[in-house]
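Have a look at the structure below, then the notes.
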Amino acid sequence: MKFDVAIVGSGLAGLSVALHLAETRKVVVISKRTLFDGASNWAQGGIAAVLDSGDSPDQHVADTLIAGAGLCDETATRFIVERGPQAIHWLIDQGVPFTRDPNAELGYHLTREGGHSQRRIIHAADATGHAVQVTLEGKVRQHPNITLLENHFAIDLITSDKVGVEAAMPTCLGLYVQDVASGKVLTLAAEQTVLATGGAGKVYLYTSNPDTATGDGIAMAWRAGCRVANMEFIQFHPTCLYHPYAKSFLITEAVRGEGGVLKLPKEAGAKAGERFMPTHDQRAELAPRDVVARAIDFEMKKRGLDYVDLDISHQTPQFLKEHFPTIYARCLELGIDITKQPIPVVPAAHYTCGGIVTDLNGRTDLPGLYAVGETAYTGLHGANRLASNSLLECVVLGQAAAEHIEKQPASAVTDLPAWDESRVADADEEVVITQNWDELRRFMWNFVSIVRTTKRLERAQHRIRLLKEEIDEYYANFRITGDLLELRNLVDVASLIVNSALSRRESRGLHFNRDYPETLPRALPTVLTPKRRK
């Protein structure tokens, strides 16, 4: 199959690229499940942008740099922030139903979240990601130049050096994709390939991410020879709903932005109901996520708690039902009335701040390969992502990548060899995959989560090395399955996270190592280079 552009991933970043290119290019969008199964569809809070005359790009940039703990690339931050209003107006033009406010300057309600000095979060109630996905999905399905391959799993990138095609330097020529239903592997040739596969939250036992967040794009790009940066900075969202029947349900930062306070639960005994954030940071509940997550982690471990309470019941029922209808309804289903009761919450792996190194056109180290969204590292997020900057980055860099691709001269799409599975057999015991998957996620949670030590990181590194040997042997001898591909990618990503964490001899932003609690005077990103590129 031949296309001008192959896009792997169907979240906001991938669909933005597709829609910007579809007028002039033949595009394929590859999604390993349906278009709605990525993290963008789960995003609750909103999109940060300067949309009020009382705000300014300088203030938005300053807030981002402060949250990023000295590691944000200021040029990239300003580039994305200054294009924020244009990105929002493009989404409005597409028909995204943002929550309106007749008294607001732009006519839309703006909320505030932790780390922001102004109300600048435009949203669609508390289900912004879903509203955006529904809108763009409808546009994508109707476009004659866009082919959708849902339930197709990207296996690996095809590079010129791997298939014997002469080139001045290794170039991306397309990728291999497995049809999940039939198991057949397709060869997709493309002039340009875009990775928009999201983050890697599923490398941890507890995460707010959907099951699709297995770091596929990061792992594929690394194996193809691309640099990866800042993988030690995994953002743990402070407030994921704690309930045995609620898997990965996020309680948006906007709940705290609208006055929600964190308290000790009844299990804390004499301290029950006590608010604890003011003792950890003067910004209290509006401190950046890394501060709030560590504070909750500290209180839980100190007092032996399974969770803490997030209480916004002082707001009126009408306010809560209007601003947080999804959270209100879901909690009520589980027997929690947020108009009267606090919400039990725990931290969970939420956002991958690092990723594939790109420039501000989305270009990676490999010619013919772009990366956008959470899977990419632009320098925007630094050591800690500022709330609601991620969806903004998806739209701005999606447009930038599309514009750069449109400027490239057309070239003939190379004929590529078919996938060869003549020397493999059906798996004999798939329990090996299940066991390794569980082991990986559990030791990553115990050894490489909110608070780290060098000894824990070294233990994780040793276990990853053993797992990788097992998985590589399994991959070489048996036919591929989705579970095997995801496990292979997760192990590669886990290795990148641990190696990055070990190389940082300080504590900064989301990375806290008890052996190196101080912050060094000079902030430098962690950049890992594959052996083939050294």
Side-chain angles (χ1 to χ4, degrees), residues 45 63 66-71 112-117 201 204-208 232-242 250-314 342-351 353 381-388 445-453 456 501 506-519:
D63 291 344
I66 291 168
L71 264 187
R112 183 181 172 192
E113 295 179 347
H116 288 275
S117 59
Y204 287 101
L205 186 61
Y206 301 111
T207 177
S208 65
E232 69 269 40
F233 298 111
I234 303 294
Q235 187 175 72
F236 287 79
H237 197 289
T239 54
C240 202
L241 179 63
Y242 178 81
L250 188 68
I251 306 299
T252 174
E253 184 125 355
V255 170
R256 284 181 286 124
E258 295 295 347
V261 293
L262 288 161
K263 298 178 179 179
L264 296 173
K266 59 184 179 182
E267 285 78 4
K271 296 284 188 178
E274 185 176 297
R275 186 180 175 195
F276 59 84
M277 274 309 303
T279 65
H280 290 271
D281 191 281
Q282 63 181 7
R283 293 164 291 185
E285 282 79 10
L286 289 178
R289 289 176 177 177
D290 60 322
V291 176
V292 179
R294 275 199 300 275
I296 295 173
D297 184 71
F298 174 86
E299 296 292 343
M300 288 172 59
K301 287 177 178 173
K302 177 183 177 182
R303 305 176 193 282
L305 304 171
D306 291 325
Y307 64 93
V308 297
D309 282 337
L310 176 59
D311 193 357
I312 195 169
S313 60
H314 55 276
I343 307 167
V345 295
V346 291
H350 183 60
Y351 192 86
C353 288
H381 304 304
N384 182 25
R385 175 181 71 103
L386 181 64
S388 292
W445 181 261
N446 290 332
F447 297 159
V448 199
S449 56
I450 298 171
V451 177
R452 301 160 178 175
T453 66
R456 289 182 201 167
E506 64 167 349
S507 290
R508 183 183 297 274
L510 300 167
H511 172 75
F512 185 83
N513 187 332
R514 282 182 178 164
D515 296 319
Y516 301 98
E518 302 301 320
T519 300

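These numbers were taken from a predicted model, which means no experiment stands behind them. What you see below is based on every heavy atom in this structure, not just the backbone, and it leaves out hydrogens, waters and symmetry mates.
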Exercise for the section: Provide the full list of ring-ring contact (aromatic ring centres under 6.0 Å, His included) pairs with a residue in residues 265-293, sequence neighbours left out, each pair given once. Expected result: His280-Phe298
Problem - Beyond-backbone contact of Val451 with Arg514, side-chain heavy atoms, under 4.5 angstrom - result: yes
Exercise for the section: Could you label the plane-to-plane angle of the Phe236 and Tyr204 rings as parallel, tilted or perpendicular, counting under 30° as parallel and over 60° as perpendicular? Expected result: perpendicular
Exercise for the section: Could you tell me whether a side-chain N or O of Thr207 sits under 3.5 Å from a main-chain N or O of Ala348, the two making a donor and an acceptor? Expected result: no
Handout entry: side-chain contact (heavy atoms from CB on, under 4.5 Å) partners of Ser313, counting only residues at least two apart
Key = Asp311
Exercise for the section: Give a yes or no on whether the backbone of Arg256 and the side-chain of Glu285 come within a donor-acceptor separation of less than 3.5 Å. Expected result: no
Practice task
Taking Arg452 for its side chain and Arg456 for its backbone only, find out whether a donor-acceptor pair lies under 3.5 Å.
Solution key: no
Problem - For Lys271, all residues meeting side-chain contact (heavy atoms from CB on, under 4.5 Å), sequence neighbours excluded - result: Leu264, Ala268, Glu274, Arg303
Problem - side-chain contact (heavy atoms from CB on, under 4.5 Å) involving Ser208 - partner list, sequence neighbours excluded - result: Cys240, Leu250, His350
Exercise for the section: List for me each residue that meets side-chain contact (heavy atoms from CB on, under 4.5 Å) alongside Leu71, sequence neighbours excluded, and say none if there are none. Expected result: Asn230, Phe233, Ala383, Arg504, Arg508, Ala523, Pro525
Exercise for the section: State whether the number of non-hydrogen atoms from other residues, nucleotides or ligands found under 6.0 Å of Arg275 atom CZ is greater than 12. Expected result: yes
Completion exercise
Sorted by chain and number, sequence neighbours left out, side chain to side chain donor-acceptor pair (under 3.5 Å) with Asp290 holds for Asn384
Practice task
Could you tell me whether the side chain of Tyr351 reaches within less than 4.5 Å of the side chain of Arg289, counting heavy atoms only?
Solution key: no
